Amino acid sequence: MIRITDILDRVSSYNSEADLDLVERAYVYSARIHEGQVRLSGEPYLSHPLEVAGLLTKLKLDPVSVAAGLLHDTLEDTKATMEDLTRLFGPSVSHIVEGVTKLGGLAFRSYEDRQAESIRKMILAMADDIRVILIKLCDRLHNMRTLQFQTEKKQLKIAQETLDIYAPLASRLGIHWMKIELEDIAFMYLFPHQYREIASHVTKKKEEQQEYINTVRKIIETKLAEAHLPCEVQGRHKHLYSIYQKIMNQRVDFQEVYDILAFRIILDTVPQCYQAIGVIHSIWKPIPKRFKDFIGIPKPNMYQSLHTTVIGPFGERVEIQIRTREMDHIANDGIAAHWQYKEKGHFDEKTGAAFAWLRKLVEEQKDIKDPDEFMESVQIQLFPDEVYVFTPQGDVLALPRGSTPVDFAYAIHTEVGHQCAGAKVDGRMVPLKYELKTGQRIEIVTSPNHQPSRDWLSFVKTAKARSRVRQHIKAKERKQSLALGREMCDKLLRKYHATLNKYLKSGEMEKATRELGYKTIDDLIAGVGYGKVTPLQIARYLLPRAEVEDEKETIVTRIKERIRGKKPKSGILVKGMDDILVRFGKCCNPLPGDPVVGYITRGQGVTAHRTSCPHALNMDPERRIELEWSPGAEEVYPVRIHVLCEDRMGLLAGITGAISEGEANILDASVKTRADQRADCYFTIAVSGADHLENVIKLVKNIKHVIKVARLAA
């Protein structure tokens, strides 16, 4: 365990004027308030904040950050309050600690909702003070290093979240070494067999390739010295998760991944970098389309380097990166390398401009209230691969890989996106779902009468485009539902010689609005159009003596009438009711234990979807209804799984044996072999719920030569 004296020494080594007293006081307070608490490993809890503070000193952060790191769990896990921290350590420290703290005291619909709101809070806080996310990343890294003490279920959940959110965040912030470690640890827990196999291969390769690394390094140093370009040359193996991604993306075996080695050339100036690339290309033949100039067009996280892949001295592919010393420092530590805090805790102009994406992310998320939609859009923003395209004026726009002209249009302006009727790429008309490529010049054709289509949600990639299209569709549906609701209410009231306008003017509608749980009269009338409430229910408040027994009730009311007095037996409950009018969405096939949500479909009852289902994300929240699984359900449900494996004799028997061991019945099976010596196995199995399925998948994953196991939507 790192000691406080080590932390103080490190801070002094890079900041001779640091306020060490603040750090010491934070340590003493943390030790006192965490006294008696232990981690799952059995170590004193204080070991965790000390390790987090140690990681912060590796990033060479200021004393306020280190003190906040020592105190980051006090609000969540002790009796400490914001007032205590502000009084003892000042507003800067307490503000950062509050930003790092999870939302522990609020009730949420599910674990996913809690995580979404915690991450939303963290993103808002880090836009105000970037130190929040740096501490959170260090906190997550130490938790990942000690993940072996968690239950297996928690290990998988935390590892997946790390791979989805925290590793991309570290990448976006340019902290390369942290991104690598987070990815490799998450990979180890999510795919243990593949991790061990690749790690074993890499270890053997390292021993075999050391002589090769020395040879290539010497050639590069000699040739650059002859060109009067003194440099430092580093040879390194790619990290395990990136090798795994190459294997999966290229559909090859480890032996066929040739560029697991990379060389880095570090020089003093930018002109020297361009000279060096010329020397390298004169020695070895470059591979077409593998040269990337991130010096001329830096990545959004400030990363700068020249990348090229060449045919090396023995006929093999070699990846080479060329950069200055300053660029190398930024490539490893990212925003921490630009750490120049001014008054009030805002970062300097250069760093602020480089991280405009963060302010943009906050701006685009502030109107998203649905937790699933929020998490989806954050993951899109953190997507690391990007394309760089040009506007007709020659300005460069960075967009996620796979973006379309519609994404480009919304990046220009919301109205341009709404009115996007066509697009030209390099002067040629293309479909709106066309995927843009780096270097292309995009021109949007607009029409004032054009409106966004729901179909756009199936191909747009950026969070802004997705959010704006959804907002437009929701507004349009609300307008239609409001008109329909007015018409339905007016039609019913006219039977009793009254009109809706009469009650709107008299103010009597306000009572019905309050009693039926709506905020405004328009919300109530729109609810009629959506099918969530009927004119009958409203009429009962306006016309107490009206005889309206023949009027139709809403779906939910009809369910109540049909099951009154019955006890739930199994399946889905709608706010405590049985599943008479509830259907399962075929697009996602929810299982007991999956977080679910229902959507009212006019004339078809309630359809249950998994909360992560893309169809559910695209639906109008106004038609949402809360669902829950009935306790004690003993039914079995069919679910399809896909097993990608190497084509080996006896492997199919091993997979079916593992499924049987997991006590799941196989209802259907099919196998397709590939030309690359792999096989796609598809099984339909009967399981009792999500936990049962998870156990079966785990058993299949543990079989040697099984590469991937995934649940299919349908």
Side-chain angles (χ1 to χ4, degrees), residues 1-2 7 26-27 30-31 33-34 37-59 61 65-78 80 96-104 111-112 114-123 125-126 131-173 175-192 195 239-241 336 375 378 382:
M1 182 174 77
I2 193 170
I7 292 171
Y27 165 72
S30 182
I33 206 155
H34 284 300
Q37 294 180 346
V38 293
R39 305 198 83 212
L40 292 174
S41 62
E43 291 180 297
Y45 194 88
L46 183 62
S47 64
H48 174 61
L50 275 169
E51 292 292 345
V52 170
L55 289 168
L56 293 168
T57 61
K58 184 175 180 180
L59 292 172
L61 298 191
S65 303
V66 178
L70 288 164
L71 299 166
H72 77 275
D73 275 337
T74 53
L75 290 181
E76 185 178 355
D77 296 331
T78 74
I96 294 171
V97 174
E98 201 270 338
V100 177
T101 303
K102 298 191 193 94
L103 300 182
Y111 170 83
E112 286 75 14
R114 178 183 295 280
Q115 289 301 95
E117 289 303 321
S118 294
I119 290 168
R120 185 200 295 272
K121 181 184 179 189
M122 182 179 67
I123 286 171
M126 77 181 189
R131 291 175 288 189
V132 168
I133 192 57
L134 296 176
I135 293 171
K136 187 64 183 173
L137 283 171
C138 291
D139 173 50
R140 176 53 61 114
L141 179 55
H142 184 246
N143 283 334
M144 289 297 288
R145 287 176 176 178
T146 56
L147 197 57
Q148 70 269 28
F149 299 107
Q150 294 283 358
T151 63
E152 187 174 351
K153 190 172 182 179
K154 270 202 163 186
Q155 286 174 351
L156 295 174
K157 190 171 282 186
I158 293 169
Q160 190 63 58
E161 183 185 69
T162 298
L163 210 54
D164 291 343
I165 298 293
Y166 290 96
L169 258 178
S171 178
R172 263 297 205 171
L173 294 169
I175 311 172
H176 189 63
W177 65 268
M178 188 177 288
K179 174 218 174 202
I180 286 174
E181 188 171 351
L182 287 171
E183 285 183 341
D184 279 355
I185 299 174
F187 175 39
M188 179 174 67
Y189 284 97
L190 291 171
F191 304 99
Y195 176 88
H239 68 288
L240 303 183
Y241 184 65
M375 289 299 289
V378 168
L382 296 177

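The structure displayed is predicted, hence computed values, not measured ones. The chain is numbered in sequence order, starting from 1.
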Show me the donor-acceptor pairs, under 3.5 Å and distance only, between side chains in residues 51-59 and residues at least two apart or in other chains.
{"unit_1": "E51", "atom_1": "OE2", "unit_2": "I2", "atom_2": "N", "d": "3.3"}
{"unit_1": "T57", "atom_1": "OG1", "unit_2": "R10", "atom_2": "NH1", "d": "3.1"}
{"unit_1": "T57", "atom_1": "OG1", "unit_2": "G54", "atom_2": "O", "d": "2.5"}

Restricting to side-chain contact (heavy atoms from CB on, under 4.5 Å), what partner residues turn up for [X], sequence neighbours left out?
{"X": "I33", "value": "Y29, T74, T78, A80"}
{"X": "S47", "value": "M1, R39, E43"}
{"X": "A26", "value": "A67, L70, L71, F89"}

Could you walk me through whether L169 and I133 pass the side-chain contact (heavy atoms from CB on, under 4.5 Å) test, one step at a time?
CA-CA 9 Å; L169 258 178; I133 192 57; 3.5 Å; yes
Contact summary for [X] and [Y], nearest pair of heavy atoms:
{"X": "P49", "Y": "H34", "answer": "CG-CD2, 4.5 Å"}
{"X": "L190", "Y": "L163", "answer": "CD1-CD2, 3.7 Å"}
{"X": "L137", "Y": "Y166", "answer": "CD2-O, 3.5 Å"}
{"X": "S65", "Y": "R131", "answer": "OG-CD, 2.9 Å"}
{"X": "I135", "Y": "G69", "answer": "CD1-N, 4.0 Å"}

pair V66-I7: side-chain heavy atoms closer than 4.5 Å
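In short, these two side chains touch, coming nearer than 4.5 Å.
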Without swapping roles, check the side chain of S171 against the backbone of A167 for a donor-acceptor pair under 3.5 Å.
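It does not hold such a pair.
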Quick one: does any side-chain atom of Q150 pair with a main-chain N or O of Q155 as donor and acceptor, under 3.5 Å?
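No, because the side chain of Q150 does not come within donor-acceptor range (under 3.5 Å) of the backbone of Q155.
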Could I get the full list of ring-ring contact (aromatic ring centres under 6.0 Å, His included) partners for H142, not counting sequence neighbours?
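Listed in chain order: H48.
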The criterion is ring-ring contact (aromatic ring centres under 6.0 Å, His included); which residues satisfy it with F187, sequence neighbours excluded?
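F187 satisfies ring-ring contact (aromatic ring centres under 6.0 Å, His included) with Y195, Y241, Y244 only.
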Can you name the salt bridge (charged side-chain N to carboxylate O under 4.0 Å, His left out) partners of R145, sequence neighbours left out?
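R145 satisfies salt bridge (charged side-chain N to carboxylate O under 4.0 Å, His left out) with E181 once adjacent residues are dropped.
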Excluding sequence neighbours, so at least two apart, what forms salt bridge (charged side-chain N to carboxylate O under 4.0 Å, His left out) with E152?
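Once residues adjacent in sequence are excluded, the partners of E152 under the salt bridge (charged side-chain N to carboxylate O under 4.0 Å, His left out) criterion are K698.
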Can you tell me how far apart [atom1] ([X]) and [atom2] ([Y]) are? Round to the nearest 0.5 Å.
{"X": "M144", "Y": "M178", "atom1": "CE", "atom2": "CE", "result": "12.5 Å"}
{"X": "T162", "Y": "R140", "atom1": "OG1", "atom2": "CZ", "result": "4.0 Å"}
{"X": "K154", "Y": "E161", "atom1": "NZ", "atom2": "CD", "result": "11.0 Å"}
{"X": "S41", "Y": "Q148", "atom1": "OG", "atom2": "CD", "result": "8.0 Å"}
{"X": "L240", "Y": "I185", "atom1": "CG", "atom2": "CD1", "result": "11.0 Å"}

So, using side-chain hydrogen bond (donor to acceptor under 3.5 Å, both in side chains) as the criterion, who are the partners of [X] when residues are at least two apart?
{"X": "S30", "value": "none"}
{"X": "Q160", "value": "D164"}
{"X": "Y45", "value": "D73, D77"}

